[in-house]
Number of protein chains: 2
Amino acid sequence: MSATLQDVATLAGVSIKTVSNVVRGYQHVRPSTRARVQAAIDELGYVPHSIARRLATGTTGMVAFALPAIETPYFAELAALVSTEIGGFDYRLLIEQTSGSLDDERAVLRGREQGLIDGLIFQPTELDADAIEQFRGSTPLVLLGEIPPPPTVDHVMVDNIAAARAATFHLLHSGRTRIAFLGYAAAAGHATASLRAEGYLSALEDCGAHRSDDLLIPMQRFGAFAAEAAVIDAIETGVSFDGLVCFDDLAGIGAMKALARAGRVVPDDVGVVGWDDILMSNFTNPGLTTVRPDKPTLTRTAFRMLRERMDGAGGPGRHETVGFDLVVRGSTAS
Amino acid sequence: MSATLQDVATLAGVSIKTVSNVVRGYQHVRPSTRARVQAAIDELGYVPHSIARRLATGTTGMVAFALPAIETPYFAELAALVSTEIGGFDYRLLIEQTSGSLDDERAVLRGREQGLIDGLIFQPTELDADAIEQFRGSTPLVLLGEIPPPPTVDHVMVDNIAAARAATFHLLHSGRTRIAFLGYAAAAGHATASLRAEGYLSALEDCGAHRSDDLLIPMQRFGAFAAEAAVIDAIETGVSFDGLVCFDDLAGIGAMKALARAGRVVPDDVGVVGWDDILMSNFTNPGLTTVRPDKPTLTRTAFRMLRERMDGAGGPGRHETVGFDLVVRGSTAS
DNA sequence: TTGTACGCGTTATCAC
DNA sequence: GTGATAACGCGTACAA
């Protein structure tokens, strides 16, 4: 099998403590000793056994990112950023998919096993503040997304209401008068969808624009297929709109397909705004105007807060908001 | 801190061995004892400490998936499948991004630390058979993708030449005569790109179709942006083609954008075929015809082979091929 | 069926 | 500066 500290120590004629000191870069080791030990390490091809180290230190060097689904482009992009970010600090990334299921979210929060991870970055969709408070274990935790966080937990978010207002104003200011919202109450009590709808409604109100329940287009599930079906349905039932604020880019992309099939021209007949600025929004035809959350800052902030907690920082939950842009593309050209 | 086996044992008035037996579902435990122990477990909220267990057993319950970039839709979809698949066997997923860098691929293969993972599923892009042979450690390994694998390593792939031929024939049979290939030698010696180009060329030859170096459109990098730039460039330099076989769907999507900007109509002027059948290929306008590898079988096969190795199976490397479909959509309608 | 005692590979606390 | 030795929490012969 692989060489151990003891093997190296025997070969170098020192104690394992000295080998350990060399391996871990401890300063006060006589150069000649260090050289002898290093030679033994090289000869045996010794590699530290991380599990043993971790049992001894109580840390694992692993950070989990719990998200609904890794194949969702927005989360995949986030995961890539998190992976890169934490890699710079020698942490490794464990991916936990919750599928937006209550049970999985609970399991993730409780930590199926102790000692597996040093910290958790978690984007909940189902659990509310009380449940998070109740189920969370003792591992450092940072929440992502738009749920109202429990007062004890760190949290990073984008101002969804402000962003939804910006998206809606953008459509209104290009002269559109009947703006719909796609993705209303996609899941009962879905915090993100509710906030975005709220921002949308408040923008309509501020401008005195037309509001009606018709214009709140529900989606049965998330994703492009569900969005396409929802928009087809809305058109068939006679809902009339010339602007569409979508829950996310996938919804926007599904909506644009539905509109094309219905013979509605984007942006001439309908202006469409998405959310997330996933890569594909650059490549729809026309390009999809979208709310772009500052993803790099989002992940960097989350990991910074997590690191502070992992380093033992106490205190009440902190709450940070990161910015967004409205990226204007062809789907709302006027 | 958290409760340990010893805490539970003390509370239940038994030895830690008995508690361990209960926790691990050992059969021969007296029901009354089991009940008492279970009560203690519940009362203390005992959760096994995975690191300690793993130090004792020598296994980690973790499988790593090493891929170039998690935000690439194809890999994200694969990762989702792997995560679900291994979750059914109580393994957890560690994501390793290699960014297609030689150093990172080596590091992944060598395993930066011993004992962290039980097995590795690895999609190399840079390393060749010799290097893999040389750098691989002792952890069970299954390779994904199109590199010619070293004889000792398990490997799952799609028949890229056959699939590229099918894609090319599809365009030829709809009456197109000048078929180009996008993504040629995107990286020098890139195995996947080479195989696909090879299949493309052999199909042209079989049909006696026009072949020329012009029609091999190179890409500087992978991805939709690079593809868009490459196609714009090809059009500007006067390359004439009425069909386009793309390295992957991202390339196809980028190509369609470039064609639209150049005023070329898909599929009337140019038929486009992609590769991977990522979700977005359903939502381009028109939909993107694509080679769909059987991703569920791919990941299931890979993990089955890996499990067999983790269970101690020896023997030479096995080699499995999974199927593909050609999914015909609007981009090649005739 | 259950208990005792040792080993897994490392780190950390003391002595020396 | 370096060496014994006790944790870390759990699995497992072996014994009872």
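Chain identifiers are assigned alphabetically (A, B, ...) following the order of the sequence lines, protein sequences preceding nucleic acid strands; residue numbering begins at 1 within each chain.
- Reading DNA chain C from its 5' end, the first and the last nucleotide to sit under 4.0 Å from a heavy atom of chain B are C:dT1 to C:dG9.
- Going from atom CZ of B:F135 over to atom CG of B:L109 covers 8.5 Å, rounded to the nearest 0.5 Å.
- In this structure, B:S99 has no side-chain hydrogen bond (donor to acceptor under 3.5 Å, both in side chains) partners at least two apart in sequence or on a different chain.
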Extract from the structure each pairing of a protein N or O with an N or O of nucleotides 1-4 of chain D at less than 3.5 Å, listing the distance.
residue, atom, partner, partner atom, Å
D:dG1, OP2, A:H28, ND1, 3.4
D:dT2, OP1, A:T33, OG1, 2.3
D:dT2, OP2, A:R30, N, 2.9
D:dG3, OP2, A:S15, N, 2.9
D:dG3, OP2, A:S15, OG, 3.2
D:dG3, OP2, A:T18, OG1, 2.4

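- Within 4.0 Å (heavy atoms only), B:R24 reaches sugar-phosphate atoms of the nucleic acid but no base atom.
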Residues 297-306 of chain A, side-chain donor-acceptor partners within the protein, below 3.5 Å, at least two apart:
residue, atom, partner, partner atom, Å
A:T297, OG1, A:D294, OD1, 3.1
A:T297, OG1, A:D294, OD2, 2.7
A:T299, OG1, A:K295, O, 3.2
A:T299, OG1, A:P296, O, 3.1
A:T301, OG1, A:T297, O, 2.6
A:R304, NH2, A:E320, OE2, 3.2

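- Computed from C1' positions of five pairs at each end, the angle between the two local axes of the helix from C:dT1-D:dA16 to C:dC16-D:dG1 equals 40°, rounded to 10 degrees.
- In the model, B:T152 has a side-chain atom that pairs as donor or acceptor with a side-chain atom of B:E133 under 3.5 Å.
- Atoms CD and CG, on B:Q123 and B:L144 in that order, are 5.0 Å from each other to the nearest 0.5 Å.
- Side-chain contact, B:Q6 with B:T10: a donor N or O sits under 3.5 Å from an acceptor N or O.
- Under the rule for a side-chain contact (heavy atoms from CB on, under 4.5 Å), B:D90 has no partner lying at least two apart in sequence or in another chain.
- For B:D154, the side-chain hydrogen bond (donor to acceptor under 3.5 Å, both in side chains) partners at least two apart in sequence or on another chain are B:R309, B:R318.
- Between the P atom of D:dG11 and the CZ atom of B:R54 lies a distance of 11 Å, rounded to the nearest Å.
- Evaluation of the salt bridge (Lys or Arg N to Asp or Glu O under 4.0 Å) test over residues 24-48 of chain B, restricted to residues two or more places apart or in two chains, returns none.
- Put simply, B:S20 has no side-chain N or O that comes within less than 4.0 Å of OP1 or OP2 on D:dC10.
- Within 4.0 Å of A:L55, counting heavy atoms only, lies at least one base atom of the nucleic acid.
- With sequence neighbours excluded, the residues forming a side-chain contact (heavy atoms from CB on, under 4.5 Å) with A:A69 are A:E71, A:T72, A:Q97, listed by chain and number.
- Interface residues of residues 41-52 of chain B facing DNA chain D, ordered by number: B:Y46, B:P48, B:H49, B:A52; criterion, heavy-atom separation under 4.0 Å.
- Applying the salt bridge (Lys or Arg N to Asp or Glu O under 4.0 Å) test to residues at least two apart or on different chains, none of the pairs has a partner in residues 6-16 of chain A.
- The CZ-P distance, from B:R53 to D:dC8, rounds to 19 Å in whole Å.
- No hydrogens or angles considered: a donor-acceptor pair under 3.5 Å links the side chains of A:T125 and A:E105.
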Below 3.5 Å, can you tabulate the donor-acceptor pairs from side chains in residues 49-66 of chain A to any protein atom, sequence neighbours excluded?
residue, atom, partner, partner atom, Å
A:S50, OG, B:Q114, O, 3.0
A:R54, NE, A:T60, O, 2.9
A:R54, NH1, A:T60, O, 2.7
A:R54, NH2, A:T60, O, 3.3
A:R54, NH2, B:E113, OE1, 3.4
A:R54, NH2, B:E113, OE2, 3.1
A:T57, OG1, A:R53, O, 3.0
A:T57, OG1, A:T59, N, 3.2
A:T57, OG1, A:T59, OG1, 3.4
A:T60, OG1, A:M62, N, 3.1
A:T60, OG1, A:L116, O, 3.0
A:T60, OG1, A:D118, N, 3.3
A:T60, OG1, A:D118, OD1, 3.2

